[in-house]
There are 2 protein chains.
Amino acid sequence: MQKQETLSKNQKIILDLIEKSDQPLKAYSILFDVKKKGINAPLQVYRALNKLVKIGKIHKIESRNAFIACKNSKCQIAKATVFSICESCEDVTEIHDHKLSEHLRDFKDNKGMKYTKYNLEFFGLCKKCI
Amino acid sequence: MQKQETLSKNQKIILDLIEKSDQPLKAYSILFDVKKKGINAPLQVYRALNKLVKIGKIHKIESRNAFIACKNSKCQIAKATVFSICESCEDVTEIHDHKLSEHLRDFKDNKGMKYTKYNLEFFGLCKKCI
DNA sequence: TTAAATATGTTATATTATTACACAGCGTTA
DNA sequence: TAACGCTGTGTAATAATATAACATATTTAA
């Protein structure tokens, strides 16, 4: 909870914007929208985005280069993310599936690698687009 | 098998290069390397890459914007990919884990979405970098 | 109260990817 | 065989995504 309160001015502006959207936003579309709030340069946006990703307030949809708010209040750290993406309407939903999370969390390869994070993206067609 | 033989000139040149590397290559580094073979423009590279991804000969590492050859002869279609990525040395390995694949293949959300594809990337530290 | 860490603002530039246009080769089919 | 669709090539221009470098301010903690 206190994480939210210690966000800086730019971070708050950008998180607000992303939280108002239920779909992922792209960096330059964010930039366009926050110009009226005095944020003028891409770097200002990317700095805020990077921080927000780091603290788990938002996630990056890697295959789309876009950023979506995390609705899971428990998810303070962006270390385990699962998304479904409709390839027709581009609707993106974050998935919280206990069983799946367990499998992913418990996964061990045979190379002795130590995992700290994962990102899973499912692609297909949503109900509306089938 | 016959897919390989029907690749075009540019597609072959670029697949050869990627297959010689055990690590992912970036589009513009590929472009640099194939200039001596007469491929001069980014678009020529991206067109070949897109085709090779589509037929499953290579995969895109989304979090790195890089392309790696698929070593799995069965994997003709890029529809189910799992990678481990070392965040220190950037070593990337494709993972084939039967049990994990099963769980991912069988996953159903509660939204009636029809999945055709997924991509999973694990991040952490490899044995050498721990 | 100084140092370290974090954030800001700005300019320029690097990196990644696509649009648009002209044309070539190949197999189908009418 | 000619017309067509499909896939691929080549080239130029440009769009979209992201970072480097520098100067300065603010907050935090010792």
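First the proteins, then the strands, lettered A, B, ... as listed; each starts at 1.
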Interatomic distance where [atom1] belongs to [X] and [atom2] belongs to [N] [whole Å]:
X	N	atom1	atom2	result
A/Leu25	D/dA16	CG	P	16 Å
A/Leu31	C/dT10	CG	P	12 Å
A/Phe67	D/dA18	CZ	C1'	9 Å
A/Glu62	C/dA17	CD	P	12 Å
A/Lys12	D/dT26	NZ	C1'	13 Å
B/Asn50	C/dT16	CG	P	15 Å
B/Ile61	C/dT15	CD1	C1'	18 Å
A/Arg64	C/dT18	CZ	C1'	16 Å

TODO: Using modelled atom types only, decide if a donor and an acceptor are shared between the side chain of B/Gln11 and the backbone of B/Ser8 within a distance under 3.5 Å.
DONE: yes
- [ ] Give a yes or no on whether the backbone of A/Ile85 and the side-chain of A/Glu121 come within a donor-acceptor separation of less than 3.5 Å.
- [x]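 Checked: no pair found.
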- [ ] Specify the closest pair of heavy atoms between A/Ala27 and A/Val45, including all atoms of both residues, with the distance to one decimal.
- [x]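 Result for this residue pair: O-CG1, 3.8 Å.
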Under 3.5 Å, which N/O atoms of the protein pair with N/O atoms of nucleotides 5-8 of chain D?
unit_1: D/dG8; atom_1: OP1; unit_2: B/Gln11; atom_2: NE2; d: 3.4
unit_1: D/dG8; atom_1: OP1; unit_2: B/Lys51; atom_2: NZ; d: 2.6
unit_1: D/dG8; atom_1: O3'; unit_2: B/Ser8; atom_2: OG; d: 3.2

- [ ] Output the rest of the hydrophobic cluster of B/Leu125: all Ile, Leu, Val, Met, Phe, Trp and Tyr residues reachable through side-chain heavy-atom contacts under 4.5 Å, sorted by chain and number.
- [x] B/Ile130
Open item on the list: Strictly by side-chain hydrogen bond (donor to acceptor under 3.5 Å, both in side chains), give each pair with a member in residues 27-48 of chain B just once, sequence neighbours left out.
Closed with: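 For residues 27-48 of chain B, and leaving out neighbouring residues, there are no side-chain hydrogen bond (donor to acceptor under 3.5 Å, both in side chains) pairs at all.
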Open item on the list: Which residues pass the side-chain hydrogen bond (donor to acceptor under 3.5 Å, both in side chains) test with B/Arg64, not counting sequence neighbours?
Closed with: B/Glu90
Task: Criterion side chain to side chain donor-acceptor pair (under 3.5 Å) on B/Asn119 and B/Glu62, from CA distance to verdict - done: CA-CA 9 Å; B/Asn119 178 56; B/Glu62 291 288 356; 5.7 Å; no
TODO: Take the C1' atoms of the five end pairs on each side of the helix from C/dT1-D/dA30 to C/dA30-D/dT1, get both axes, and report the angle to 10 degrees.
DONE: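 The two end axes of the helix from C/dT1-D/dA30 to C/dA30-D/dT1 meet at 40°.
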Open item on the list: Apply side chain to side chain contact (heavy atoms under 4.5 Å, CB included) to residues A/Asp22 and A/Thr93 and explain how you reach the verdict.
Closed with: CA-CA 9 Å; A/Asp22 68 331; A/Thr93 307; over 6 Å; no
Task: Polar pair under 3.5 Å, donor/acceptor by atom type, side chain A/Tyr28, base D/dA15 - done: no
TODO: Report the residue (B/Asn65 or B/Ile39) whose heavy-atom-nearest nucleotide on DNA chain D is the more 5′ of the two.
DONE: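 The residue whose closest nucleotide sits nearer the 5' end is B/Ile39.
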TODO: Mind checking ring pair (Phe, Tyr, Trp, His ring centres under 6.0 Å) for B/Phe123 and listing every partner two or more places apart, or none if nothing turns up?
DONE: none
- [ ] Sequence neighbours left out, what passes ring pair (Phe, Tyr, Trp, His ring centres under 6.0 Å) with A/Tyr115? Give chain and number order.
- [x]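 Only B/Phe122 meet the ring pair (Phe, Tyr, Trp, His ring centres under 6.0 Å) criterion with A/Tyr115.
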Using the test side chain to side chain contact (heavy atoms under 4.5 Å, CB included), find all partners of [X] that sit at least two apart in sequence or belong to another chain.
X	answer
A/Lys128	A/Cys126
A/Thr116	B/Glu87
B/Phe32	none

Task: Nucleic acid contacts of residues 40-48 of chain B, taken as heavy-atom distances under 4.0 Å to DNA chain D - done: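 Residues of residues 40-48 of chain B under 4.0 Å from DNA chain D: B/Asn40, B/Ala41, B/Leu43, B/Gln44, B/Arg47.
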Task: Heavy-atom check, side chain of B/Leu49 versus side chain of B/Ile18, under 4.5 Å - done: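 A side-chain contact under 4.5 Å exists here.
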Return the polar atom pairs (N/O with N/O) between nucleotides 24-27 of chain C and the protein under 3.5 Å, or none.
none

